[in-house]
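What follows is a short report on a single structure.
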Amino acid sequence: MTNMIDIKQNLNLVEQQISQTCQQYHRSRQEITLVAVSKTKPFTMIEQVYFAGQYDFGENYLQEALLKINALRHLPKITWHFIGPIQSNKTKQIAENFSWVQSIDRAKIASRLNEQRLGQDSALNVCIQVNISGEESKSGVAVNDVFPLAHHISGCENLTLRGLMAIPEKQISSESYHIMGELFAKLKDKYPQIDTLSLGMSGDLSPAIAAGSTLVRIGTAIFGEREYSAHTTDMNKG
Ligand SMILES: *Cc1c(COP(=O)(O)O)cnc(C)c1O
């Protein structure tokens, strides 16, 4: 199955799509980081993507991610982003194994990550996950709770607040992208180190980049459809 996918070609197509969308909306390609979302995919595929020049990877499930992180310790430039829901009993391993956590949605999780990052060489880069899809989605803080949480995180010395992340529901309006763009600008006014608006996946690069996204998280368009085999499902329980 997996060798039927031409990863290098997929990556080139995604790269082209990002560049063209940047041109269309008068953005510079350099403003946008591509994170390849590798959940359910084997580390051998990640290695292929890495050797094609893509170094940032996103994972959603801790146990699955740890197996791949350990298998790929020989790749010096690899950068791991945790982008999934966070249970509080998992924060220690997240703090110790990732460079970024994009899915912070409560103060308690931020505090735990802060304590457990102590002793690492660098601060943990974090984003606040915002719920712009309303009640259907459980993950993320409401727009009104972003500033209080940002204030809490800015007091955590082992965390660097880098910005905001959102996962829009498929049927969401362009208005919601616009709201994220404005929230990002306001937060940046208050916290000058903020530089990351993590918005845009395989199906919505264009409205995300139009709204000011600086980081896109692309899974399917690079790795193909996800494979929820018994094996990965097992790993994802932990
Ligand atoms: C799975 C996932 C992605 C990638 O989605 P695709 O549609 O496959 O590109 C991006 N962000 C998050 C948070 C995800 O869970």
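Given the structure is predicted, the values throughout are model-derived calculations rather than measurements. Residues: numbered from 1 along the sequence shown. We count ligands from 1, going down the list as the structure has it; atoms in each ligand are counted the same way. Side chains included, hydrogens not; waters and symmetry mates left out as well; all remaining heavy atoms used.
Heavy-atom contacts of Thr220 reach the following atoms of ligand 1: 6 (P), 7 (O), 8 (O), 9 (O) (cutoff under 4.0 Å). Remark: ligand 1 atoms within the under-4.0 Å shell around heavy atoms of Ile167 are 13 (C). Close contacts between ligand 1 and Arg217 involve ligand atoms 4 (C), 9 (O), 10 (C), 11 (N), 12 (C), 13 (C) [criterion: under 4.0 Å to a heavy atom]. In the vicinity of Ile83, heavy-atom distances shorter than 4.0 Å reach the ligand 1 atoms 11 (N), 12 (C), 13 (C), 14 (C). Listed by atom number, the atoms of ligand 1 under 4.0 Å from Asn60 heavy atoms are 14 (C), 15 (O). Atoms of ligand 1 lying under 4.0 Å from at least one heavy atom of Ser202, given by number and element, are 6 (P), 7 (O), 8 (O), 9 (O). For ligand 1 and Ile218, the ligand atoms under 4.0 Å from any heavy atom of the residue are 9 (O).
Between Lys92 and Glu96, at least one side-chain nitrogen of the basic residue sits less than 4.0 Å from a carboxylate oxygen of the acidic one, meeting the salt-bridge criterion. Classification of Glu227 and Lys41 as a salt-bridged pair holds, one side-chain N sitting under 4.0 Å from a carboxylate O.
Of all protein heavy atoms, the one lying nearest to atom 10 (C) of ligand 1 is Met201 SD, 3.2 Å. From the protein, the heavy atom lying nearest to atom 14 (C) of ligand 1 is Lys39 NZ, 3.0 Å.
Between Asn125 and Val101 the shortest side-chain heavy-atom distance does not fall below 4.5 Å. Side-chain contact between Tyr55 and Tyr50: present, with at least one pair of heavy atoms (C-beta onward) separated by less than 4.5 Å. Two residues are said to be in side-chain contact when any heavy atoms from C-beta on lie closer than 4.5 Å; Ser38 and Phe43 fail this criterion.
Asp204 places a side-chain N or O within donor-acceptor distance of the main-chain N or O of Met201, the cut-off being under 3.5 Å. When atom types are taken as modelled, the side chain of Arg27 and the backbone of Ile209 share a donor-acceptor pair closer than 3.5 angstrom.
Checked by distance only, ligand 1 and Gly219 come closer than 3.5 Å through their nitrogen or oxygen atoms.
Contact annotation for Gln102 and ligand 1: no heavy atom of the residue comes within less than 4.0 Å of the ligand.
Phe57 and Trp80 have tilted rings, their planes meeting at an angle from 30° to 60° on a 0 to 90° scale.
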